[in-house]
Each structure stands twice: as structure tokens, then as C-alpha cells.
There are 2 protein chains.
Amino acid sequence: MERFPARPSRPETDAAAPQRVLDAVRHDIIFGVLAPGSRVTEAALAAAYGVSRVPVREALRALEAEGFVESRPYAGSTVAAIPLDDAEDLFAVRGVIEARIARRAARRAAAQFGADAPDAAWWSARRALADILDDGDRAVAADALAELPELNIRFHLGVAELSGSASLAALLRQISGKIEWLYAADVDHRGKQSWGEHRLVLAAIDGGSETEAGRLMAGHVESSQRGYLERFAAPGAASAGPSQVTGTGAGERG
Amino acid sequence: MERFPARPSRPETDAAAPQRVLDAVRHDIIFGVLAPGSRVTEAALAAAYGVSRVPVREALRALEAEGFVESRPYAGSTVAAIPLDDAEDLFAVRGVIEARIARRAARRAAAQFGADAPDAAWWSARRALADILDDGDRAVAADALAELPELNIRFHLGVAELSGSASLAALLRQISGKIEWLYAADVDHRGKQSWGEHRLVLAAIDGGSETEAGRLMAGHVESSQRGYLERFAAPGAASAGPSQVTGTGAGERG
DNA sequence: CGACATCGGATTGAATACAATCGCCGGTAC
DNA sequence: GTACCGGCGATTGTATTCAATCCGATGTCG
């Protein structure tokens, strides 16, 4: 029966190999399995994941673009330092991105609930968010806080998908890794409270109120930032006021 | 004299080949040599730049991460569409990044001018900025506006270097390509006026005033955005007020 | 005449092989 | 004892080769 050419759903040449290596190595960096400063050799990764050096190279290059490793020609790659000094900047930029995402998501939600023909992709993303919230609640109840960083990122990226803005989603994805890095370092301190705020944000989005969704999301990011700075006592910066997220409003000196 | 093994200053294995291909292809996309929707094959690029497909692959993957091409497994890469619909989001995020960069640059400038031991790297970057400004003025005087997009990006990345924040510089670099894409589409409309604002921003940075530098830079980005929206009549969004850059402040409805 | 299954060229993805470079260790001269 | 220099192992960077997949042309059947 050559009519059905036995197309295997899992091809032998795994086109997703670079992505798998990328995710795995990034995970190991975020959770401290690979300490900052560690040397990361292509051959070791290739052996560890059962692939050739070619996909490993692509993954390392992507990690370099994301700021997780630093590479020099012929000198190899090393794990970068945790961006503690840049935490304030990262939170500020993230605040703007996420607030805009929340506003757009609320707008699209209002359109969805009012429309006759439902958007299948939208509803799928919305349902995934509900599952993520439930998983996170279970993890909080079971004190399995180690699961929260990944769920946190998945929640925020899920909202970005809901917003329908590819550019905002891409921007968030580009800094989400570092956010997760910081989040993992603070999860035992503020993880539970922070997770509880997610449900409020999603409710506002479902309610279709752009302003409310944007404000709640901005507040969520701000409280994360505040808790983080409390914890790690950021050196240079004065304490950030409520509007400091923008970086343009409040002045420190003339 | 085998003591000196005839080390050629230009090694045969060019470690910078991927970067060169990346820059060249990105340039061609930004300036319309490669139209959106065009197919980009690895073999063609490899032949055009005299390298193998391996560095071309890495460059294409980087371009995909930057949002200039879209790739699907075994289906190749095509030039992405100009992100017109996302221009407002890009400008908003850029505004926050650049304002923070300007504030940090001003702080560091004040420290530099007051310090005894000058930082060679800082002064090198500062001198490069002066040259960029002069080149841009010459281009404006000669009506060679086609040179402005690249000079514009180099100016803003130069300020980022001056700021000393690697994270902010990386974030700006990640969206600078799309900014340049939009800039190139608008350069004949606002290029001259926009360029003139750069000198004011740099003067404020040299003056060491964080607030002033941040405000001027934010205004510079906002006027770019406003001019751009005037030109292309962005469809969905209401006109952005002065503080709309943040995305959190002004509300559209309750 | 139109629609569909099938086949072939073209292109991508990964593995392997080879050349070039860097860091380190030992030797040597001072 | 110390500083410098030459060689060697380890690692990166690229080219080449082969397998897997997708898109368009072609033939055939209804």
C-alpha cells in the first residue's frame, strides 16, 4: 500500500534538535545547574544530548543573543553572570511591554466575547492560561515553588499570545529568560504572593477593560521589582516610586 | 625563518564570516534590496558572499531571532513584512529603553568629567559619537539622506555604550534593526529635523543632568513616533499623548 | 475539462572531516 | 628564582557529504 507512504510523525532527522538543546541549556543556566563563569564546550553538549556539534552551535549562538552566555572567537563560551545590576532596567522595560500586552489582550478579549464566530486559536490560548493558573495554584499549595518560574514565564508568554501582537510577544520572549533567571532567585521569597496576582490580571483581561488590565499588570511587575530589590538590596538606585517603571517621569536630581 | 610562521593578518578561516553575512543581509532587507516576501536561500547567500552554507545558516537564524526573516523547517526563509502595525509598540518600548540609557549615560558622564583617571573606553566611545554627529551633519547638508538610517542607529547604540549598561544596550540592539527599518521608510520625511535633535541629547548627557537627558531623549523618540504616525496614519490606535510612551498612564476607557 | 495522486528537482537539516587558533606546560636563558 | 619562548593538546570554525523533506510539474482518471 504505497498509497500511504508510511509518513512517520517523528522524522529521523530531528529538525527541532537545536531548540531542544537551547531550552535544556537555558534551563540549566536559570536554575543554577550551570554556574556563571562555567565553560560550556560544544563537544560536551553534543555528547550530552546525543546530537552533533552543528545544532549545538546554533543553540549556543541563540543563547549568546539572549545574553546567557558570552562567546569569543576560538575561545569558546562561558555562562554569563546573573544580571543583578541590570535588574532595575529589566523590570522597567518589562513593565512597559507587559502593560501594553495586557491592554491589547483586554481589547481582543472584549472583541472575542462579543463576536459571533469564535477564534479557535484565541480560545486555545485562553484555555492554556487557565490550565497554567491551576497548575501554579497546585504547586503553591504543595509548596513546590521550584515549578513556579517556568509556569510564571508560560503565563506571561500566554498573555502575550492572547494579545495578538507578534512584536510585543517577541520582545517579551527576548527578555523573559532573564526575568525567569531573576524570578528563580527570588521565588522562595515572593513566589506565592506574586502568583496570586496572576488570576486578578487575567480576570481584568477577560473583563475587557484595557485600563484595568494594564494597571494590574504594571502593578504586578512593580511589586515583583520591589520585592526583588528588597531582597537583594540593589546598590546604585534610589527606591523606585510607583511611576518609576517608565524611567522618564520621576527625577532624581536636576 | 620558520620562527615567524608567516602568520597572515587575515586568517583563511574567517571567524567573522557569519557576522558579515548577517550585517549585509540585514542591510539589504532594511533598505529594500530584499523585498518582504522574497525567498532567501542558503545556497544563494553562500555563493554571493563566498562562504559555505554553515555560516549562512547561523546568520539566517540570527535574522530570524531579530524578526527580519521567517523560517519554517525544510521550507526555507522568507523576508518578513515591515512591522507597520507594531510601530506604536516598538516606539513605546524603545522610548523607555532609550530614556533610561540617556539617564545612565548622563550619570556616567558626570562621573567621567569629575574623575581623575579617565576611562579610555568611555572617551573612545564619546569621540566616536562626535564623529557620528559630524558625519550626519555632512550627510544632511549634502542631502544624502540615505546615509542617515545607519548613522542614526550608530548614534543610539553609541549612547547605549556610553551608558555602561550591557543589558540596556542589548535590548536596544535587539530592536534597533526594526527601528532602522522604520526609520529608513521615513527618513525623507523627518530625517533632517530628527537628526538635529541628537546634538541636544548629547549636550544634555555631557552636562550630566539625568533628568534633562532622559527627557530630551524621550522627546526625541516621541517626535519620531509622532512623525512616523503622521506619515503612515497608523490604523488602530488613538493619537498618543505625551505620556503615552509608557502605556500605563493614560486610560482610554474604564 | 478539471481535480487529484504521483513523481522529480530543489532545498533544508544533520553528521562527519579537516584546518586554524588559543591556552597551557615545560624548557631555557639570564 | 624569574621571565620568556616554543611546542602540544584541546577547542573552535568552516567545508564537504549525505539523508530527509517540501514544492511544483506531470500524467491519469472521472
Side-chain angles (χ1 to χ4, degrees), chain A residues 1-25 29 34-35 37-65 68-80, chain B residues 1-25 29 34 37-66 68-80:
Chain A
M1 290 296 192
E2 289 81 13
R3 306 293 181 95
F4 305 98
R7 176 162 49 164
S9 59
R10 182 173 33 158
E12 200 164 348
T13 62
D14 195 351
Q19 187 67 40
R20 215 175 42 243
V21 175
L22 171 62
D23 291 338
V25 176
I29 293 176
L34 291 172
S38 308
R39 282 191 55 80
V40 181
T41 67
E42 301 177 357
L45 292 179
Y49 296 102
V51 295
S52 163
R53 274 177 48 215
V54 177
V56 170
R57 278 182 65 83
E58 298 192 10
L60 281 176
R61 199 163 184 84
L63 284 171
E64 187 185 5
F68 284 103
V69 304
E70 296 171 354
S71 303
R72 285 181 317 170
Y74 294 102
S77 305
T78 60
V79 177
Chain B
M1 290 292 196
E2 289 80 14
R3 306 293 183 94
F4 304 98
R7 175 163 48 164
S9 61
R10 181 171 34 154
E12 200 165 346
T13 61
D14 193 352
Q19 188 66 41
R20 214 174 44 239
V21 176
L22 170 62
D23 291 337
V25 176
I29 293 176
L34 292 172
S38 307
R39 283 192 59 78
V40 182
T41 66
E42 300 178 358
L45 292 179
Y49 295 101
V51 294
S52 163
R53 274 178 47 215
V54 176
V56 170
R57 279 182 64 83
E58 297 193 11
L60 280 175
R61 201 165 184 84
L63 284 171
E64 186 185 5
E66 294 180 18
F68 284 102
V69 305
E70 295 172 354
S71 304
R72 285 181 315 170
Y74 294 103
S77 305
T78 59
V79 178

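Note on naming: letters A, B, ... go to the chains in the order of the sequence lines (proteins, then strands), and numbering restarts at 1 for each one. Computed from a predicted model, the values in this text were never measured in an experiment.
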Name every residue in residues 52-59 of chain B that has at least one heavy atom under 4.0 Å from any atom of DNA chain C, in order of residue number, or write none if there are no such residues. B/Arg53, B/Arg57
With sequence neighbours excluded, tell me which residues meet side chain to side chain donor-acceptor pair (under 3.5 Å) with [X].
X	value
A/Glu64	none
A/Glu70	none
A/Ser71	A/Ser77

Could you check A/Ala75 against B/Ser77 and say which one's nearest nucleotide on DNA chain C is further toward the 5' end?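 The residue closer to the strand's 5' end, by nearest nucleotide, is B/Ser77.
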Taking the nucleotide of DNA chain C with the nearest heavy atom to each, does A/Val51 or B/Val40 sit closer to the 5' end? B/Val40
Solution key, residues 47-60 of chain A side-chain donor-acceptor pairs under 3.5 Å, sequence neighbours excluded:
residue, atom, partner, partner atom, Å
A/Ser52, OG, A/Val54, N, 3.4
A/Arg53, NE, A/Glu42, OE1, 2.9
A/Arg53, NH2, A/Glu42, OE1, 3.0
A/Arg57, NE, B/Glu58, OE2, 3.1
A/Arg57, NH1, A/Glu42, OE2, 3.1
A/Arg57, NH2, B/Glu58, OE2, 3.1
A/Glu58, OE1, B/Arg61, NE, 3.4
A/Glu58, OE2, B/Arg57, NE, 3.2
A/Glu58, OE2, B/Arg57, NH2, 3.1

How sharply is the helix from C/dC1-D/dG30 to C/dC30-D/dG1 bent, taking the axes over five pairs at either end and rounding to 10 degrees? 10°
Separation of [X] atom [atom1] from [N] atom [atom2], in whole Å?
X	N	atom1	atom2	answer
B/Tyr74	C/dT11	OH	P	16 Å
A/Glu42	C/dA14	CD	P	15 Å
A/Arg72	D/dG13	CZ	P	11 Å
A/Leu60	D/dG13	CG	C1'	13 Å
A/Tyr49	C/dA14	OH	P	16 Å

Passing option when A/Phe68 is tested against A/Ile29, A/Val25, A/Val79 for side chain to side chain contact (heavy atoms under 4.5 Å, CB included):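 Among A/Ile29, A/Val25, A/Val79, the one meeting side chain to side chain contact (heavy atoms under 4.5 Å, CB included) with A/Phe68 is A/Ile29.
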What distance do A/Leu34 atom CG and A/Leu45 atom CG have between them, rounded to the nearest 0.5 Å? 7.5 Å
Any chance you could measure B/Arg72, atom CZ, to B/Thr78, atom OG1, to the nearest 0.5 Å? 8.0 Å
Can you tell which of C/dT21, D/dT11, C/dT11 lies closest to the side chain of B/Thr41? C/dT11
Contacts of A/Arg20 that satisfy salt bridge (charged side-chain N to carboxylate O under 4.0 Å, His left out) - sequence neighbours left out: A/Asp14
